[in-house]
Amino acid sequence: MIITNLEMIPGKRLIKHLGLVQGSSVRAKHVGRDFMASLKNIFGGELKGYTELLQESRDEAVSRMTQQAQAIGANAILNVRFSTSSIAQGAAELFAYGTAVVVE
Amino acid sequence: MSNLIVLAIFLVVGYGFGTYAENRHYRSIRQRERDLRHIYVVATKYPPVDNPPPESTLVAGNVVISVDYFKRFLAGLRNLWGGRVSSYETLLDRARREAVLRMKAQAAALGAAYIFNIKFQTMSIYQGRRNSVGSVEVLAYGTALYPARPGSPS
């Protein structure tokens, strides 16, 4: 499965469009991370726990999108975009979407 | 009175640790930017037509970074008469450069020379209080193009 945010894959001919595929993941942080984060709000600096949390959930969103693409018989996803929304205190939605295609 | 003392302690601690952390972070950013300068990051969608065609894959880097108490206090004061809030400007500058560096590090591991179509996304991490920026997340992503290995299918 080739995942790209370009509108084509260099050197490969596009055979078929299969439409939009998407994946999302809503995650909440746990109390320990929250406590560390409030300390960091005084000292400043990177919140490593949050960085990892958001990265993991983004990976999960991408893997759900990939599963969807595989299920409809695609072998590549073009023009992938990410979107993030902070929906409530302590929870965020990570969303990935793209166009599933078949390339040669 | 005791509230004022606590506030003063937070301000001093925030100023000390925050300034130290920021200077250290900027030093590390400059060093890694020099090390990864050989990877070109461009915002165009259309890669050059190469022969043989390169492999492509998505690379991304993210970072969540928080401003210290002293700078947030300064930013709050700035709200009174408006103007540039330089304490948040450096926060966002650090976050964007760090996210790009992490993305570049992923591309470097693949042996890529270019990253095409870079996009940035910034999210303010909600901390329960209104109008508090506090922490931001920056995500940078793009498509890394790297030479196809001989023997790889394509």
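In what follows, chains are A, B, ... by sequence order, proteins preceding strands, each numbered from 1.
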For this session: Consider only side-chain heavy atoms of I, L, V, M, F, W and Y, link residues closer than 4.5 Å, and tell whether B:Tyr40 and B:Val100 are in one cluster.
Result: no
For this session: Can you tell which part of A:Ile2 gets under 4.5 Å to a heavy atom of chain B, answering side chain, backbone, both or neither?
Result: side chain
Exercise. Any chance the side chains of A:Thr84 and B:Glu137 put a donor and an acceptor closer than 3.5 Å?
Worked result: no
Exercise. Can you tell me how far CD1 of B:Ile65 sits from CG of A:Leu47, rounded to the nearest 0.5 angstrom?
Worked result: 8.0 Å
Exercise. How about B:Tyr26: does its OH atom have over 12 heavy atoms from other parts shown lying under 6.0 Å from it?
Worked result: yes
For this session: Looking only at non-hydrogen atoms, find the nearest pair between A:Met8 and B:Lys45 and report the distance.
Result: SD-O, 4.4 Å
Exercise. Same cluster or not: are A:Val103 and B:Phe116 linked, directly or through other Ile, Leu, Val, Met, Phe, Trp or Tyr residues, by side-chain heavy atoms under 4.5 angstrom apart?
Worked result: no
For this session: Please name the residue in the list B:Phe17, B:Tyr69, B:Tyr20 that meets the side chain to side chain contact (heavy atoms under 4.5 Å, CB included) test with A:Phe43.
Result: B:Phe17
For this session: Please answer whether the main-chain N or O of B:Val63 pairs with a side-chain N or O of A:Thr51 as donor and acceptor at a distance below 3.5 Å.
Result: no
Seminar exercise, completed: chain A shares the most heavy-atom pairs under 4.5 Å, among B:Asp68, B:Val64, B:Thr122, with B:Val64
Problem set entry | Non-hydrogen atoms of B:Met123 and A:Ser85 that approach each other most closely | SD-C, 4.2 Å
For this session: Considering only heavy atoms and a distance below 4.5 Å, find which of B:Glu98, B:Arg102, B:Glu22 pairs most often with chain A.
Result: B:Arg102
For this session: Assess whether atom OH of B:Tyr146 is packed by more than 12 heavy atoms of other residues, nucleotides or ligands within 6.0 Å.
Result: yes
Exercise. Using non-hydrogen atoms only, which part of B:Leu139 is less than 4.5 Å away from chain A: side chain, backbone, both, or neither?
Worked result: side chain
Problem set entry | Nearest atoms (heavy-atom pairs only) where A:Gln55 meets B:Asn62 | N-ND2, 3.7 Å
Exercise. What about B:Leu74 and B:Val6, same hydrophobic cluster or not, with Ile/Leu/Val/Met/Phe/Trp/Tyr joined at side-chain heavy-atom distances under 4.5 Å?
Worked result: yes
Exercise. If you count heavy-atom pairs under 4.5 Å with chain B, which of A:Glu104, A:Glu7, A:Arg58 comes out on top?
Worked result: A:Arg58
Exercise. Under 3.5 Å, is there a donor-acceptor pair between the side chain of A:Asn5 and the main chain of B:Ile118?
Worked result: no
For this session: Measure across A:Val80 and B:Tyr141 and return the closest heavy-atom pair with its distance rounded to 0.1 Å.
Result: O-CE1, 3.7 Å
For this session: Apply the test side-chain contact (heavy atoms from CB on, under 4.5 Å) to residues A:Phe82 and B:Leu58: give CA-CA distance (whole Å), side-chain angles for both, the deciding distance (0.1 Å), then the verdict.
Result: CA-CA 12 Å; A:Phe82 289 105; B:Leu58 196 73; 3.9 Å; yes
Exercise. Linking I/L/V/M/F/W/Y whenever any side-chain heavy atoms sit under 4.5 Å apart, do B:Val42 and B:Phe120 land together?
Worked result: no
Problem set entry | Minimum-distance pair of heavy atoms, taken over all atoms of A:Pro10 and B:Ser56 | CD-OG, 4.0 Å
Exercise. With hydrophobic residues grouped by side-chain heavy-atom distances under 4.5 Å, do A:Met1 and A:Ile72 end up in a single group?
Worked result: yes
For this session: Pick one of side chain, backbone, both or neither for A:Arg81, based on which atoms fall under 4.5 Å of a heavy atom in chain B.
Result: both
